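Values in this document were obtained by computation on a predicted structure and should not be read as measured data.
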Amino acid sequence: MMHRTQIYFEEDFFQLLKEEAAKAGLSVSAYIRRALKKDLQEKKHQRAPRDFSHFSGMWEDRDIDLKQMRKHAWKR
């Protein structure tokens, strides 16, 4: 099922869009759908950067060595 929407473009941008769609042998609508689909798929496959800042300094001021840390980590 397709949904219809209305989008407003500046005239110079719309002219460029029509030219590119014609070069690709597509209607303007099909060209826009293809471009948006490609953009959304790329974003879907990009991994979000992980924020580990909340771990910063978590062992500071603790008297713990690697052996104790491993023992604590696998305690569950």
Side-chain angles (χ1 to χ4, degrees):
M1 179 163 87
M2 294 279 226
H3 291 272
R4 183 180 176 172
T5 191
Q6 193 168 359
I7 303 171
Y8 296 94
F9 296 112
E10 293 86 9
E11 188 61 36
D12 57 336
F13 182 78
F14 186 64
Q15 290 303 319
L16 179 62
L17 184 59
K18 288 192 321 187
E19 290 170 15
E20 292 301 313
K23 286 179 192 176
L26 299 169
S27 67
V28 172
S29 296
Y31 185 81
I32 292 170
R33 282 193 299 272
R34 186 175 74 174
L36 288 173
K37 184 176 182 178
K38 179 181 175 187
D39 182 65
L40 292 172
Q41 285 176 339
E42 287 174 3
K43 287 180 181 177
K44 183 179 178 180
H45 295 295
Q46 290 176 352
R47 288 189 173 192
R50 296 187 181 197
D51 179 17
F52 291 104
S53 63
H54 57 281
F55 292 112
S56 178
M58 68 185 283
W59 297 106
E60 190 174 345
D61 299 328
R62 295 188 185 189
D63 186 22
I64 191 167
D65 62 13
L66 186 58
K67 185 176 179 181
Q68 291 172 324
M69 194 182 320
R70 284 185 176 150
K71 182 179 178 183
H72 179 72
W74 300 107
K75 195 172 187 174
R76 295 178 186 208

- Message: Using the rule that Ile, Leu, Val, Met, Phe, Trp and Tyr join whenever any side-chain heavy atoms are under 4.5 Å apart, tell me whether L36 and F14 fall into a single cluster.
- Response: yes
Is there a path of hydrophobic side-chain contacts, each under 4.5 Å between heavy atoms of I, L, V, M, F, W or Y residues, that connects I7 with L40?
no
For residues 19-35, the side chain to side chain donor-acceptor pair (under 3.5 Å) pairs (sequence neighbours left out) are E20-K23
Those residues at least two apart in sequence (or on a different chain) that pass side chain to side chain donor-acceptor pair (under 3.5 Å) with K43 are D39
Sequence neighbours excluded, the answer for ring-ring contact (aromatic ring centres under 6.0 Å, His included) partners of F9 is F13
